[in-house]
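Notes follow the structure.
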Amino acid sequence: GESVGLHLPTLSVQEGDNSIINCAYSNSASDYFIWYKQESGKGPQFIIDIRSNMDKRQGQRVTVLLNKTVKHLSLQIAATQPGDSAVYFCAESYNTDKLIFGTGTRLQVFP
Amino acid sequence: DTGVSQDPRHKITKRGQNVTFRCDPISEHNRLYWYRQTLGQGPEFLTYFQNEAQLEKSRLLSDRFSAERPKGSFSTLEIQRTEQGDSAMYLCASSPTWSGNTIYFGEGSWLTVV
């Protein structure tokens with residue numbers, strides 16, 4: 001069924017530390033995954049994506065890890081900055097179908 | 001700015017009134033999506049278009065909701081006889097089909113039904 005978030009877990013990190021945001025996805029057949037960042041009052045902003053034939057992908061200061069065995073996705077942000085404070089969503093899709101979003105995580109960065 | 005554009009950004013309406021939102025996707029993007037998001041939750045899929053064809057509608061999309069994309073470019077989402085439960089942010093997104101499923105969102109249209 002559709003995946004929706006009812007509660008928003010929060011991760012608090014100190015500026016400069018690395019952040020790890022986790023996501024459990026629902027469909028074992030999903031073959032494409034995306035992380036989005038959403039700031040208050042704005043639309044989701046694309047961060048990084050990964051296909052199911054990969055288990056790791058790196059971008060600028062971000063890394064996504066995919067563990068298909070346990071249906072787990074993580075987003076690692078290196079040297080977290082105040083501007084990284086936002087809600088982060090993972091999303092999955094299967095066979096070019098629509099994206100289904102998971103539960104968001106609020107990242108709070110303090111000095 | 002060549003991103004996804006949505007209008008209006010905010011709308012306050014009385015219960016029972018009709019509202020219409022417009023979305024202009026990124027140029028040459030074949031796919032256009034509508035999502036709904038309420039506070040503290042992730043976006044929920046409503047419907048999507050491939051060019052002018054509406055390919056899928058969520059069961060969340062009641063008969064009071066209708067979406068169109070008549071020329072395969074911009075799209076409209078109309079809500080008839082609005083209810084307080086329709087209060088949410090309505091997100092539009094688009095993607096070029098050749099890039100897989102990376103979809104790019106607009107800033108959303110906030111609807112408040114009073």
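Chain identifiers are assigned alphabetically (A, B, ...) following the order of the sequence lines, protein sequences preceding nucleic acid strands; residue numbering begins at 1 within each chain.
A ring pair (Phe, Tyr, Trp, His ring centres under 6.0 Å) check over residues 63-96 of chain B, counting only residues at least two apart or in different chains, returns the pairs B/Phe21-B/Tyr90. Pairs of residues two or more places apart, or lying in two chains, never qualify as side-chain hydrogen bond (donor to acceptor under 3.5 Å, both in side chains) while including a residue from residues 9-21 of chain B.
Counting heavy-atom neighbours within 6.0 Å of B/Glu68 CD, excluding the residue itself, gives a total of 12 or less. Annotation for B/Ile12: atom CD1 does not count as buried by contact number, only 12 or fewer foreign heavy atoms lying within 6.0 Å. Other residues, nucleotides and ligands contribute only 12 or fewer heavy atoms inside 6.0 Å of the CG atom of B/Asp63.
A/Ile47 and A/Leu66 end up in the same hydrophobic cluster when Ile, Leu, Val, Met, Phe, Trp and Tyr side chains are linked at under 4.5 Å. Linking ILVMFWY residues whenever their side-chain heavy atoms come closer than 4.5 Å, directly or via other members, leaves A/Tyr94 and A/Phe33 in distinct clusters. No continuous path of ILVMFWY side-chain contacts below 4.5 Å connects A/Tyr88 to A/Tyr32, so the two sit in separate hydrophobic clusters. Clustering ILVMFWY residues whenever any of their side-chain heavy atoms sit less than 4.5 angstrom apart, transitively, puts A/Leu73 in a cluster other than the one holding A/Tyr36.
Checked against the 6.0 Å centroid threshold, A/Phe101 and B/Tyr35 count as a close aromatic pair. A ring-centre distance under 6.0 Å is not found for B/Phe105 and A/Phe46.
In this structure, the portion of B/Gln37 lying under 4.5 Å from any heavy atom of chain A is its side chain and not its backbone. For A/Gln38, the part lying under 4.5 angstrom from a heavy atom of chain B is the side chain only.
Residues A/Lys98 and B/Phe45 come closest through the heavy atom pair CD-CD2, 3.1 Å. In terms of heavy-atom proximity, B/Gly40 sits nearest to A/Leu8 at O-CD1, 4.0 Å. For the pair B/Thr102 and A/Asp49, the tightest heavy-atom approach, listed with the atom from each and the gap, is OG1-OD2, 3.1 Å.
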Under 3.5 Å, sequence neighbours excluded: what are the donor-acceptor pairs made by side chains of residues 10-22 of chain A?
| unit_1 | atom_1 | unit_2 | atom_2 | d |
| --- | --- | --- | --- | --- |
| A/Ser12 | OG | A/Gln108 | OE1 | 3.3 |
| A/Asn18 | OD1 | A/Ala79 | N | 3.0 |
| A/Ser19 | OG | A/Thr80 | OG1 | 2.7 |
| A/Asn22 | OD1 | A/His72 | NE2 | 3.3 |

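Here the side chains of A/Leu99 and B/Tyr48 are not in contact, with every heavy-atom distance at 4.5 Å or above.
Contact annotation for residues 107-114 of chain B against chain A (heavy-atom separation below 4.5 Å, listed by residue number): B/Glu107, B/Trp110.
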